Structure formats: C-alpha cells, structure tokens
Amino acid sequence: MRANTGRDGRLAVLTTRARLEERLIFAAFDRRGIPYVQVDDRTLIHHLGAPGVTYRGVLNRIMSHTRSVYATRLFEATGHRVFNPSTVVDVCGDKILTSLALTRAGLPTPATTVAITPDAALAAIEQVGYPAVIKPAVGSWGRLLSKVNDRDAAETLIEHKQSLRSPVHNVYYIQEYVDKPDRDIRVIVLGDEPVAAVYRRSDHWITNTARGATTAACTLTDELRSLALRAAGAVGGGMLAVDLLERSTGELLVTEVNHTMEFHGLAAVADVDLADLIVTHVDRALSTVDTLERAA
Ligand SMILES: Nc1ncnc2c1ncn2[C@@H]1O[C@H](COP(=O)(O)OP(=O)(O)OP(=O)(O)O)[C@@H](O)[C@H]1O
C-alpha cells in the first residue's frame, strides 16, 4: 500500500490525525499488547498490481468519506480485511443509499424524498411540507443541514445549492422535520452486539456533539437494541453507530448509520470502555482469520 513492501504482522490503523478517539484506541492496543502501526492516509501511495506491505488487518479511522472509501477499496484489493469493509462504507457514507437500505429492511425512518433537479426539489419540498429538512447526501457533523420553513427559504436554498461546486449538492435529500425532544439517540453496535447508547442534547435542532451538543447516559432498552441491530444489519453490519430520533409520540425512527464512529461524548457518560471494545472486536475477528490461515 505504501512505497515499501513485505509482510508486516501489525494491524494498521488508518488515520488522518489522531483525535481523542484514536488516542483512546491506541492506548487500548497498548494495554492489550496488540501490535499496531498508525498509517497516515495522507502518505498512502498505491501502485496498482505491485506488491505492497501486508498488514495483519486494517482499522479505518479516516474521517473524509471519499478518502475513506478509496483507501478501503485499495487495501481490500491487496487482500486486507478492513474494518469496516468498503461495502458498508459505501452505503453508510451516502444518506440516500442508507435510507434505501433502511427502508428496504422495513425500519422506521423519517419520511424521506429524493429529487435530482432544482424544479423537482422545490416540488418535493412542497409535498413534504414545512418545515422540511434538507441534507447533503454525503456529509457529517451536521454541516450544511437546513431546516426550511417556507417556500421563499426553499427557493433560496435550492439556488445556493445549485451554485456549489460539488455535484453532490445537486442531488436533493429531503426529510420531514421530526418534532423531537431536544435530543437524539446514538446506539453503538459492534458485530451482533449493541454495546452502548447515549443521548445527544442541544438547544439547537441539530444535536451533533460536533455542533456543541452535550451527552447524557441512555438506557439500552430492548427496543433500541432491536432497532439498532436491524439497522446495522441493513447496511451490511460491522462496527457502527446508529442514530435515532424520537417522535413526540415516542415512536423511534432510525436516521442514519455511521461507519467511522465518533465516541468522545459517549466515553464521558457511558460505563463501557468503547475503545477497548473496538480493539477487542477487531483483534477477535482477525484472530479467527489467523487461525484459519494457520490451519490451511
Ligand atoms: N429529519 C429530521 N428532523 C429533525 N431533526 C433532524 C432530522 N434529521 C437530522 N436532525 C438533527 O440533525 C442532527 C444531524 O443529522 P444527521 O445525523 O442526519 O447529519 P450528519 O451531518 O450526518 O451528522 P453526523 O455527524 O451525526 O453523522 C441529528 O442528530 C438530529 O438532531
């Protein structure tokens, strides 16, 4: 993958820079004595078809969606098992593909509409009704999310989106506004086990911790467990953060599934060591492969 070649028995952790989550993960690797190497995605060079370095496996912590998708595919092409696999990253990184997968699996989600021209987008927003929520199909941290309260605002938003450079903004992902309490719920799923849940609270309607929301402990009820597991399964499974909204009636709706989970807010309030659980999950999965390879 990098310019050097050969077998490297360590696990590669792909990062752009080590944030709190990555530092917690490295500390967990150290505590468990699992050899790893931090690989900066900005240094990756992949000569197609040429031998590269082979790691024991790859834990992908790249935040940029495009870089994450391609780095995953390149490592998979050289025989690596990557957490999460590209099939999952592809779906989770795109809100339209995620909504399609969730709907196909029969999960409750906010009513969602997609339009691919500005005129159709305006008609679609009017059909959804006000307020409507418009999101970039690819994006995170609540960036460029819009709550549109009337037709004037819808027209302006569409004009602005059309003038943005990235073609992703010319596709319109439109949702009903869910009149939720001042919070959403994030459930962490590792494989077939929901391991923790957290409320993210804010005075703003966008309740991302990246936008200043605070976290509070949330009980992992049977309903949350079941919805989170089904949502994770719908996108292909893996190490995932499932986000849910509550209607005023109490009905739970799955909004999205995140493939490179941030958990600094959760670390402060949940009584689980998520970094340790992630490291254990990856090591266990790779140990099964190691055993099979030795037996072959
Ligand atoms: N349809 C909706 N109705 C009401 N609030 C919403 C709706 N969709 C999203 N929100 C609020 O906005 C927040 C961010 O939404 P969403 O998770 O879709 O965006 P994102 O940019 O992908 O963020 P993240 O970094 O969490 O993946 C949600 O946590 C929720 O508080």
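Values in this document were obtained by computation on a predicted structure and should not be read as measured data. First listed ligand is number 1; within each ligand, the first listed atom is number 1.
The protein heavy atom nearest to atom 9 (C) of ligand 1 is K135 NZ, 3.3 Å. Residue, atom and distance of the protein heavy atom nearest to atom 5 (N) of ligand 1 are K180 NZ, 3.1 Å. Scanning the protein for heavy atoms near atom 22 (O) of ligand 1, the closest one is K95 NZ, 2.6 Å. From the protein, the heavy atom lying nearest to atom 11 (C) of ligand 1 is W205 O, 3.5 Å. Among all non-hydrogen protein atoms, the one lying nearest atom 3 (N) of ligand 1 is V178 N, 2.9 Å. Closest to atom 21 (O) of ligand 1, if we only count protein heavy atoms, is G142 N, 2.7 Å. Scanning all protein heavy atoms for the shortest distance to atom 7 (C) of ligand 1 gives L245 CD1, 3.7 Å. Among all non-hydrogen protein atoms, the one lying nearest atom 25 (O) of ligand 1 is W141 N, 2.6 Å.
Considering backbone and side-chain N/O atoms, T255 never comes within less than 3.5 Å of an N/O atom of ligand 1. By the 3.5 Å distance cut-off applied to N or O atoms, Y177 is not counted among the residues near ligand 1.
Between D184 and L244, the shortest heavy-atom distance links the atoms CB-O, 3.4 Å. M261 approaches V189 most closely through the heavy-atom pair CE-O, 4.3 Å.
Atoms of ligand 1 found under 4.0 Å from any heavy atom of N258, numbered from 1 in the order shown, are 27 (O). If you number the atoms of ligand 1 from 1 as listed, the ones under 4.0 Å from a heavy atom of R200 come out as 26 (O), 29 (O). Listed by number with element, the atoms of ligand 1 under 4.0 Å from a non-hydrogen atom of E176 are 1 (N), 2 (C), 3 (N).
Counting heavy atoms under 4.0 Å from ligand 1, residue R186 touches it through the side chain alone. Residue contacts with ligand 1 for E262 are absent, since no atom lies close enough (heavy atoms, distance under 4.0 Å). Only the side chain of D184 comes within 4.0 Å of ligand 1, judged by heavy-atom distances.
Clustering of Ile, Leu, Val, Met, Phe, Trp and Tyr side chains at separations under 4.5 Å places I206 together with V133, L145, Y177, W205.
Comparing K147, H204, R201, E256 against atom 17 (O) of ligand 1, the shortest heavy-atom distance belongs to E256. Proximity annotation for atom 24 (P) of ligand 1: of N208, T207, D243, L145, N208 comes nearest, heavy atoms only.
Side chain of T15 to main chain of A18: no donor-acceptor pair is present (N/O by atom type, distance under 3.5 Å, no hydrogens or angles).
Here E246 does not pair with K180 in a salt bridge; the nearest charged N to carboxylate O distance is not below 4.0 Å. Between E76 and R81, none of the side-chain N atoms (NZ, or NE/NH1/NH2) sits under 4.0 Å from a carboxylate O, so this pair counts as no salt bridge.
Counting heavy atoms of neighbouring residues, nucleotides and ligands inside a 6.0 Å radius, atom CZ of R17 does not exceed 12 of them.
A cation-pi arrangement is absent between R23 and F26, since the terminal nitrogen or guanidinium carbon is not both under 6.0 Å from the aromatic centre and inside a 45° cone about the axis. Judged by the 6.0 Å distance and 45° axis criteria, R10 is not positioned over the aromatic ring of Y36.
Inspection of the N258 and D243 side chains reveals an N or O donor paired with an N or O acceptor under 3.5 Å.
Residues that satisfy the ring-ring contact (aromatic ring centres under 6.0 Å, His included) test with H281, not counting sequence neighbours, are absent from this structure.
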